[in-house]
2 protein chains.
Amino acid sequence: MNPPTIKDVAKAADVSVATVSRVLHNLAGYSDQTKQKVLKAVEELGYQPNAIARGLINKRTQTIGVLFPDVSSSFSSDLLHGIEDVANDRGFSVIVCNTAEDGKRTMKYLQVLREKQVDGIVFTSEFLKEEYYLALKEMRVPVVLVNTQSHKHMIPYVKVDDRQAAYQATEYLIQNGHREIAMISDTPVDRIAGIPRIEGYKQALADNGIEYNEARVAYGDFGLESGRKAIEKLLAEAPPFTALFAASDEMAIGAMGVALERGIRIPDDISIIGYDDLSISRMIYPPLTTIHQPLTAMGRLASEKLIALIEDSSEVSSTIVNHQLVERKTVRPRP
Amino acid sequence: MNPPTIKDVAKAADVSVATVSRVLHNLAGYSDQTKQKVLKAVEELGYQPNAIARGLINKRTQTIGVLFPDVSSSFSSDLLHGIEDVANDRGFSVIVCNTAEDGKRTMKYLQVLREKQVDGIVFTSEFLKEEYYLALKEMRVPVVLVNTQSHKHMIPYVKVDDRQAAYQATEYLIQNGHREIAMISDTPVDRIAGIPRIEGYKQALADNGIEYNEARVAYGDFGLESGRKAIEKLLAEAPPFTALFAASDEMAIGAMGVALERGIRIPDDISIIGYDDLSISRMIYPPLTTIHQPLTAMGRLASEKLIALIEDSSEVSSTIVNHQLVERKTVRPRP
DNA sequence: AGAAATAGAGTAAACGTTTACTTTTTAGTG
DNA sequence: CACTAAAAAGTAAACGTTTACTCTATTTCT
């Protein structure tokens, strides 16, 4: 009735459970004949080992937990894709957690992951609060950060150099002759993705002798809708501009939408450059010029680092992955 | 050194492990004084129960597995969002599996999920092969299907009525005066999402006295790129048409992209209606008229059904969720 | 007061593995 | 053939819980 256990196999093959276990793990200590008997019994009973029992004894669950602020964003799901892919390859399962950027929820997830005895954790796209750090530390499992970083604690991370990427995006607009350049940023309290991108933008302006004008920057939350709001604000309140740097593709796409609705041509009237390179960005019209972040590859890398830490608990370093400016159709030289 | 166990708590509180367990589960059998002692010890040691050990004994892991053909598609991640949300609420974790529509991979996942003793499985957006069904059956855990359905086996599902939705989409174009209506479909061997949508399309034509012309239907795979290919084929080879029904938003968006590139105006020259209503569809320009599938809600519903099955193993029925035609800017009356 | 019921607690088996240790069998050596 | 080394296999503890069962002391009832 119940699923067969190793004992049932042992009985059927008329050997001890230890022998069955050894055969199944290819350890030494049995004759070829015995091996055949065991394998036959396994086959006949349709025996499958119970990973829970195994996990209990060797204190390994072959499971990792991954936290996202928003699983359903294109950004997160590309990351997840990469993470899941290598994890699976290496024999790990992944439990997804959607924190909704809510501290309470996050702490609850952390507790669940702890109780479930995950072997490691990937924490993505969000500032690592001290509270989280402490919980993570108590769990004593490896952690890797993706698309975020902790200045206070030494935790390996995988991310692009936001400051430099933003610098490059802005400079690209400048090289195209633009001097009145607006920006849509994340809230300026975001120490991870917000501030560095604004700084890169400012620096590029400064290095090219263009004065920074605070009125030309609007704030969003990386989402589509916030991009619409932001450009509306800019159009209404900011001094005129011929180019726009949006700190996320979603915001760029939102902004393009309202521009187009109002008969503002892209890139003829306003050039736009985004940030992320979501798969959608290539496909919309006009295709979005943007900073490519290799999200799937970053996910893969994160998984690899984490598993390395789990398996040899050797030290693993952080890596700044290369971004890339991909030229498509939303930027053109200033007339 | 090691994380404290229930034994450590028992020792610290000077009671037996049974008592600790009872206190932790609010069962009867101890004085208030004892309870305080135990709680104090738990607090001081920072004890957290081990879900693996618990799972071993009560044969419940509070974990479900979810299979997607492509985790990183917007479609899947909206579903996942809903599934994860209610699962978490009800105390379940979710393990994601990306089958990549690969039979081998799927079978491997099924085995892993079995070994990990998940309590239930959600299977999404793919035809349930007999092989999968058998594996699932052997696992003896509840299953719910999302966005797919098995005609052969009685398995509860959650999906929209594709045939009817396609009918409605097509009829909407007809009501707008169009008579030369092309379609981009999934491959016609797809018994789940392919055939019913084509049939709905055909039926709507027939009911309105329009002859079906096979040359006006092209095939894709639901992805963006395939939408581009399909419309290119249509533009090159099909008789002229004034409207297009795409069986997925991604394909519709891909098609819009090439139309726009070629100076074909949407909706002035060609009206387009999509299918899915991804969050991006509202945001692109022009915003896509489409059939709304409430993906997140469908995910939630699936989770609820599955958990109901897990918890009382009562019978649970399937539900056809309501789709909705959302009118945006890509369809206009024929001039 | 004595019996019966009850509250408060402990003991130990069970869940399905892995593995250190022990025992038995076989093969090898001089 | 006696003895040793190696191979083959078994025994049982351990992992961290839950829970059925048992035991003792106290309360309740007649």
Side-chain angles (χ1 to χ4, degrees), chain A residues 1-39 41-42 45-63 91 112 114-119 139-140, chain B residues 1-39 41-42 45-63 91 112 114-119 139-140:
Chain A
M1 187 60 235
N2 279 328
T5 71
I6 198 172
K7 280 187 198 160
D8 300 317
V9 175
K11 204 166 297 172
D14 194 30
V15 298
S16 73
V17 294
T19 300
V20 176
S21 181
R22 280 186 289 249
V23 170
L24 262 19
H25 289 275
N26 274 315
L27 300 177
Y30 48 85
S31 67
D32 204 60
Q33 194 191 24
T34 308
K35 178 174 177 177
Q36 297 314 323
K37 269 197 308 188
V38 169
L39 261 21
V42 165
L45 297 177
Y47 168 74
Q48 302 272 150
N50 180 326
I52 296 298
R54 182 178 289 166
L56 184 58
I57 191 149
N58 40 234
K59 291 157 176 307
R60 271 286 211 82
T61 52
Q62 300 296 120
T63 303
V112 170
R114 178 177 183 179
E115 291 187 5
K116 294 236 164 98
Q117 314 288 126
V118 297
D119 298 331
M139 295 176 66
R140 288 131 153 190
Chain B
M1 188 59 236
N2 279 328
T5 71
I6 197 172
K7 282 187 198 161
D8 300 318
V9 175
K11 204 166 297 170
D14 194 31
V15 298
S16 71
V17 294
T19 299
V20 176
S21 181
R22 280 186 289 248
V23 170
L24 262 21
H25 290 276
N26 274 314
L27 300 177
Y30 47 85
S31 66
D32 203 62
Q33 195 190 22
T34 309
K35 178 173 177 176
Q36 298 313 325
K37 269 198 306 188
V38 170
L39 261 20
V42 165
L45 296 176
Y47 167 75
Q48 301 272 148
N50 179 327
I52 297 298
R54 181 178 292 167
L56 183 58
I57 190 149
N58 42 233
K59 293 156 175 308
R60 270 287 210 84
T61 53
Q62 300 295 123
T63 302
V112 169
R114 179 179 181 176
E115 291 187 5
K116 293 235 164 100
Q117 316 286 127
V118 296
D119 298 331
M139 295 176 68
R140 287 133 154 190

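Lettering follows sequence order; numbering is per chain, from 1.
Taking every side-chain heavy atom of I57(B) into account, dT17(D) is the closest of dA9(C), dG16(C), dT17(D). Residue S31(A) has its side chain nearest to dA9(D) when only dA9(D), dG16(C), dT18(D) are considered. Across dG10(D), dT18(C), dT18(D), the shortest atom-to-atom separation from the side chain of V17(B) is found for dT18(D). Among the nucleotides dT17(D), dA14(D), dG10(C), the one closest to any side-chain atom of S16(B) is dG10(C). Side-chain proximity of A18(B) to dG8(C), dT19(C), dG10(C): nearest is dG10(C).
Residue S21(A) places no side-chain N or O under 4.0 Å from the OP1 or OP2 atom of dT17(C). Remark: K59(A) is not in phosphate contact with dT18(C), judged by side-chain N or O atoms under 4.0 Å from OP1 or OP2. Here T19(B) does not reach the OP1 or OP2 of dA9(C): none of its side-chain N or O atoms lies under 4.0 Å away.
Spacing between atom CG of N50(A) and atom P of dA14(C) amounts to 18 Å, rounded to whole angstrom units. Going from atom CG of L56(A) over to atom C1' of dT17(D) covers 8 Å, rounded to whole Å. Separating the CD atom of Q33(B) from the C1' atom of dG8(C) is a distance of 12 Å, rounded to the nearest angstrom. R60(A) places its CZ atom 19 Å from the C1' atom of dG16(C), with the value rounded to the nearest Å. If you take NE2 of H25(B) and C1' of dG16(D), they are 12 Å apart, rounded to a whole angstrom. For E115(B) and dG16(C), the CD to C1' distance is 13 Å, given to the nearest whole Å. One atom, OH of Y30(A), and another, C1' of dT18(C), lie 15 Å apart when rounded to the nearest Å. As a whole-Å value, the separation of Q62(A) CD from dT17(C) P is 16 Å.
V23(B) has its side chain within reach of L39(B): a pair of non-hydrogen atoms, C-beta onward, lies under 4.5 Å apart.
Taken to the nearest 0.5 Å, the CZ atom of R114(B) stands 8.0 Å off from the CZ atom of R140(B). Atoms OH and OG, from Y30(B) and S16(B) in turn, are 12.5 Å apart once rounded to the nearest 0.5 Å. Rounding to the nearest 0.5 Å places OG1 of T34(A) at 10.0 Å from CG of D14(A).
Nearer the 5' end of DNA chain D, as judged by each residue's closest nucleotide, is the contact made by A53(B), out of L27(B) and A53(B).
Residue T5(B) is in sugar-phosphate contact alone, with no base atom involved, counting any heavy-atom pair closer than 4.0 Å across all strands shown. As judged by a 4.0 angstrom heavy-atom cut-off over every strand, Q117(A) is placed among residues making no nucleic acid contact. Nucleic acid contact class of Q48(B) (heavy atoms, under 4.0 Å, all strands): sugar-phosphate only.
Although no hydrogens or angles enter the test, the distance criterion places a donor-acceptor pair under 3.5 Å between the side chain of K116(A) and the main chain of Q62(B).
Closest of all the heavy-atom pairs between L45(B) and P4(B) is O-CG, 3.4 Å.
Judged by distance alone with a 3.5 Å cut-off, a donor-acceptor contact links the side chain of R22(A) to the base of dG10(D).
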